[in-house]
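We count ligands from 1, going down the list as the structure has it; atoms in each ligand are counted the same way. For clarity, every value in this text was computed on a predicted model and none was experimentally measured.
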Amino acid sequence: MIDGRPLLEVRNLVKHFYVSGGLFGGREGVVRAVDDVSFAIHRGETLGLVGESGCGKTTTGRCILQLERPTRGQILFEDRDLATLGPEELRAVRRRMQVIFQDPYSSLNPRMTVGQIITEPLAVHRIVPDPVKREARVQELLGHVGLLPQHARRYPHQLSGGQRQRVGIARALAMEPALIVCDEPVSALDVSIQAQIINLLEDLQREFGLTYLFVAHDLSVVRHISDRVAVMYLGRIVELADRKALYDDPLHPYTRALLSAVPIPDPELEARREHIVLGGEVPSPLHPPSGCVFHPRCPIAIDRCRAVVPELREIKPGHWAACILA
Ligand code: SF4
């Protein structure tokens with residue numbers, strides 16, 4: 001259930017990376033990975049954050065998790081600005097923000113059994129100091145993610161991709177988080193397994209009141225799980241809306257193009273509908289285009305788009321878009 005107060009607020013987040021190059025390694029330029037991004041996520045809500053590779057969605061997640069230091073802007077978690085916290089307070093906050101990675105195999109230690117992988121955070125963070133109770137807690141966590149008691153004795157390479165992702169989820173749950181950043185958690189899995197993992201995440205959200213930032217490169221994946229969806233392009237949010245509004249009535253030409261690439265199961269409808277093919281590649285964030293950064297690929301661009309940086313405006317209640325023609 002979503003309650004009214006934001007658990008997380010991202011305010012005007014900017015993350016630049018400085019790139020060196022040339023013979024003498026001088027500064028070549030600035031990659032504007034995240035460029036003035038703001039959003040809030042309410043308790044119990046899932047915000048889908050979608051965009052092509054390199055759009056800044058993963059860097060946004062890493063800044064929230066404090067794995068990257070923001071260049072500018074604020075990140076507030078439970079109303080506290082993370083930049084103002086001391087190391088002890090920050091450690092406690094980081095425990096309440098967990099991550100599930102795209103590739104569970106590379107994020108699980110291959111020399112540890114599943115039981116050891118889940119036990120480790122319980123012991124290190126003294127969440128369950130008593131070893132006997134810890135063992136029972138591991139079994140409980142395995143049950144929550146749909147694994148069997150005997151899986152505790154297996155190694156990651158003895159599990160399927162879906163089972164490994166379940167272990168990654170159990171390890172995150174062990175920390176009793178409030179927020180989980182799901183960083184493309186199903187992209188490496190077969191389509192049939194993707195739905196199982198998404199259903200599991202939804203069940204866990206209901207059971208434990210979890211809040212998710214669900215990062216994905218494709219709008220079809222986040223459709224089922226998200227309450228609201230933000231679409232990113234070249235470091236900026238170009239559209240943010242309730243799921244239904246975004247899928248039924250997309251206002252930004254980039255969102256329309258992404259949606260037109262999502263196949264519809266009905267072959268007749270699929271044959272009749274318009275497919276918008278975007279020309280060219282996503283420009284380099286090292287040399288972003290002037291004005292609206294989408295203008296070189298935008299099918300409805302006008303001259304003014306080269307000069308004006310469109311603000312993210314609330315076009316309809318709760319429906320925001322960054323386009324001068326929206
Ligand atoms: Fe396209 Fe112009 Fe809107 Fe940018 S501002 S999305 S270029 S129409």
Side-chain angles (χ1 to χ4, degrees), residues 10-17 29-40 47-60 71-73 213-223 226 228-264 273-326:
V10 174
R11 293 185 185 162
N12 308 105
L13 178 68
V14 173
K15 178 63 189 174
H16 291 170
F17 294 103
V30 179
V31 173
R32 296 165 194 276
V34 180
D35 205 2
D36 199 16
V37 160
S38 299
F39 59 83
L47 178 73
L49 188 60
V50 178
E52 289 163 284
S53 153
C55 72
K57 57 192 191 300
T58 294
T59 305
T60 301
T71 306
R72 278 198 300 282
L213 175 64
F214 197 103
V215 175
H217 61 267
D218 142 9
L219 275 167
S220 64
V221 170
V222 297
R223 181 171 201 148
S226 301
R228 287 183 304 139
V229 178
V231 177
M232 279 188 85
Y233 185 81
L234 221 57
R236 291 173 166 263
I237 291 183
V238 296
E239 185 155 3
L240 172 61
D242 281 350
R243 169 183 51 180
K244 188 164 171 19
L246 189 117
Y247 286 86
D248 291 355
D249 182 22
L251 299 179
H252 196 282
Y254 180 57
T255 312
R256 283 190 214 124
L258 287 184
L259 276 174
S260 85
V262 174
I264 297 178
R273 79 190 179 121
E274 183 196 10
H275 286 272
I276 305 166
V277 180
L278 291 178
E281 296 290 314
V282 181
S284 160
L286 195 55
H287 305 291
S290 63
C292 173
V293 289
F294 186 56
H295 84 253
R297 303 174 79 198
C298 180
I300 59 166
I302 56 175
D303 281 350
R304 205 147 57 88
C305 301
R306 294 171 195 275
V308 178
V309 178
E311 263 182 58
L312 188 64
R313 292 177 297 127
E314 192 169 17
I315 314 281
K316 297 178 183 179
H319 195 152
W320 300 69
C323 171
I324 56 172
L325 300 184

Pair D249 + K316, salt bridge at N-O below 4.0 Å: yes
Backbone N/O of A307 and side chain of S290: donor-acceptor pair under 3.5 Å: no
Qualifying residue, where the test is side-chain contact (heavy atoms from CB on, under 4.5 Å) with V231 and the options are L246, L240, L259: L246
Among C292, C55, P289, the one residue meeting side-chain contact (heavy atoms from CB on, under 4.5 Å) with L234: P289
Parallel, tilted or perpendicular: rings of Y233 and F294 (30°, 60°): perpendicular
Any donor-acceptor N/O pair, D218 side chain to S220 backbone, under 3.5 Å: yes
For atom 2 (Fe) of ligand 1: protein N/O/S atoms at distances below 2.8 Å: 1
Options R297, R256, H252, ranked by nearest heavy atom to atom 6 (S) of ligand 1, top entry: H252
